[in-house]
Protein chains: 2
Amino acid sequence: MPTPSHTSIEEIVETGRRLIESGGIDGLTMQKVASAVGVRAPSLYKHVQSRGALIRLIIEDVATDLGRSLEEAVLGDDPGGDLVRLATVFRDFARSHPESYGLMFAPIPEEWRPATTLLMEATGPMLRTVEAMVDPENALEAARLVTAWAHGFVSMELVGAFRLGGDLEDAFQFGIERLVEALG
Amino acid sequence: MPTPSHTSIEEIVETGRRLIESGGIDGLTMQKVASAVGVRAPSLYKHVQSRGALIRLIIEDVATDLGRSLEEAVLGDDPGGDLVRLATVFRDFARSHPESYGLMFAPIPEEWRPATTLLMEATGPMLRTVEAMVDPENALEAARLVTAWAHGFVSMELVGAFRLGGDLEDAFQFGIERLVEALG
DNA sequence: ACCTGAACACCGTTCAAGT
DNA sequence: ACCTGAACACCGTTCAAGT
């Protein structure tokens, strides 16, 4: 006799994302997800293939959100100003979702990795803005310069690698201003 | 009756590092370390406080090696040339120790994180080289720009986040050249 | 068609008992 | 003083049995 599902893939992903944000990747156990959505751990496997597949779905969800936030930052009038806004939104996103952002480019098992397509879509607004600033043949390289810097900065900030004193806001401003200059 | 130790902290760290390099962080289990050094898992706790503490020691070992490699890249005659060499050595190091490099700035539990002192010592050659290129009041910000870019680039490269085509060597050269220009 | 308890193969870690 | 087996509390995952 068919029995209706007590949960859904959406609820499972959302719950898992919350668990990661509050307790890091080790805080995501199938048992905790299960009890949070009101079933037992084995039932989760009706909705998701494995813990790794769930983690991948969560990271892809985060990447999609980041992409949306970045798209909103692009006004389209002034590429230099857009790039500053993009960098700021990028950093703010990372700081407000530190654990899940951290997983997006982290060295994790292949099975957990988000689809590269989604990562590229997420950083798409950066590429399009940079394309408006430099020669077409340098656009990809220039976008990679900005994206690498932005990710490197926020990931080092999140793990506390910048502790020589100094103001991190100043360092971030210094960085984005020099990059805009270098590309403008 | 005293019995001599069958292993040592150095051997344990070295073995653990090899396990991480060949199988990622999940490849480092206390049981595998133990059997590789010829004891049973419980004996490891005579030499190391916990798995997390062992991971921290391994990352610190890697950071020390990276610092040494970077120091050798600094010739001291031409800061711009030194910076290009530093960036190249940084990237080469990451690519030849992908798994353990990846852990150095990864979002891992607090207990596993390397001492910040060691991270700063590792990136010290970058700071000192940049200090020879810019105004003293901008040195820290400028060093953070270069370090963030270098780490961001290689960590994204290692996880395969750059897949829009294009040549990664070109992108790396483009990046370091623009940065040297921007600071010079 | 989904949920469950029981079971399996792993973990990290503790601890009393050996030598 | 270090090593060991046994045990404990957890994991992720499978599967036969329930409804």
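Proteins get letters first, then strands, A, B, ... in listed order; numbering begins at 1 in each.
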* **Sequence-distant partners of A:Ser43, side-chain hydrogen bond (donor to acceptor under 3.5 Å, both in side chains), two or more places apart** =>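 Result, side-chain hydrogen bond (donor to acceptor under 3.5 Å, both in side chains) vs A:Ser43: none returned.
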* Asked: Who pairs with B:Ser100 by side-chain hydrogen bond (donor to acceptor under 3.5 Å, both in side chains), at least two apart in sequence or on another chain?
  ->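 side-chain hydrogen bond (donor to acceptor under 3.5 Å, both in side chains) check on B:Ser100 returns B:Glu21.
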Identify each atom pair where a protein N or O and an N or O of nucleotides 3-7 of chain C are less than 3.5 Å apart, giving names and distance.
from  : atom 1 : to      : atom 2 : distance (Å)
C:dC3 : OP1    : A:His6  : N      : 2.9
C:dT4 : OP2    : A:Arg40 : N      : 2.8
C:dT4 : OP2    : A:Ser43 : OG     : 3.3
C:dG5 : OP2    : A:Arg40 : NE     : 3.1

* Please name all residues satisfying ring pair (Phe, Tyr, Trp, His ring centres under 6.0 Å) with B:Phe162, sequence neighbours left out, ordered by chain then number. =>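 With neighbours one apart ignored, the set is B:Phe153.
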* Asked: Can you name the residues that form a ring pair (Phe, Tyr, Trp, His ring centres under 6.0 Å) with B:His47, not counting sequence neighbours?
  ->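 Testing B:His47 for ring pair (Phe, Tyr, Trp, His ring centres under 6.0 Å), a comparison that skips the adjacent residues, returns none.
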* To do: Strictly below 4.0 Å, heavy-atom distances to any atom of DNA chain C: list the hits from residues 18-35 of chain A, or just say none.
  =>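 Heavy-atom contacts with DNA chain C come from no residue of residues 18-35 of chain A; none.
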* Could you list all the salt bridge (Lys or Arg N to Asp or Glu O under 4.0 Å) pairs where at least one residue sits in residues 130-156 of chain A, not counting sequence neighbours? =>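 Salt bridge (Lys or Arg N to Asp or Glu O under 4.0 Å) check on residues 130-156 of chain A returns no pairs.
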* **Pairs satisfying salt bridge (Lys or Arg N to Asp or Glu O under 4.0 Å), at least one member in residues 96-122 of chain A, at least two apart** =>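 Checked against salt bridge (Lys or Arg N to Asp or Glu O under 4.0 Å) - neighbours excluded - no pair reaches residues 96-122 of chain A.
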* List, by chain and number, the other hydrophobic cluster members for B:Leu127, where Ile, Leu, Val, Met, Phe, Trp and Tyr join if side-chain heavy atoms come within less than 4.5 Å, directly or indirectly. =>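 Hydrophobic cluster check, B:Leu127: joined to A:Leu164, B:Met120, B:Leu140.
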Between [atom2] on [N] and [atom1] on [X], what's the gap in Å once rounded to a whole number?
| X | N | atom1 | atom2 | result |
| --- | --- | --- | --- | --- |
| A:Leu54 | D:dG12 | CG | P | 10 Å |
| B:Ile12 | D:dC2 | CD1 | P | 11 Å |
| A:Tyr45 | D:dC15 | OH | C1' | 13 Å |

* Asked: Which string of ( ) [ ] | and . matches DNA chain C, if you list each base 5' to 3' and count Watson-Crick or G-U pairs only when both distances are under 3.5 Å?
  -> ||.|||||...|||||.||
* Pairwise ring pair (Phe, Tyr, Trp, His ring centres under 6.0 Å) hits with a residue in residues 66-90 of chain A, at least two apart ->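 Every pair satisfying ring pair (Phe, Tyr, Trp, His ring centres under 6.0 Å) with a residue in residues 66-90 of chain A: A:Phe90-A:Tyr101.
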* Asked: With a 4.5 Å limit on heavy-atom distance, are the side chains of A:Met30 and A:Val48 in contact?
  ->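 Yes, side chains in contact.
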* Asked: Got a sec, which pairs hit side chain to side chain donor-acceptor pair (under 3.5 Å) with one end in residues 84-95 of chain A, sequence neighbours left out?
  ->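 Residue pairs with at least one partner in residues 84-95 of chain A: A:Asp82-A:Arg85, A:Arg91-A:Glu157, A:Arg91-A:Glu169, A:Arg95-A:Glu157.
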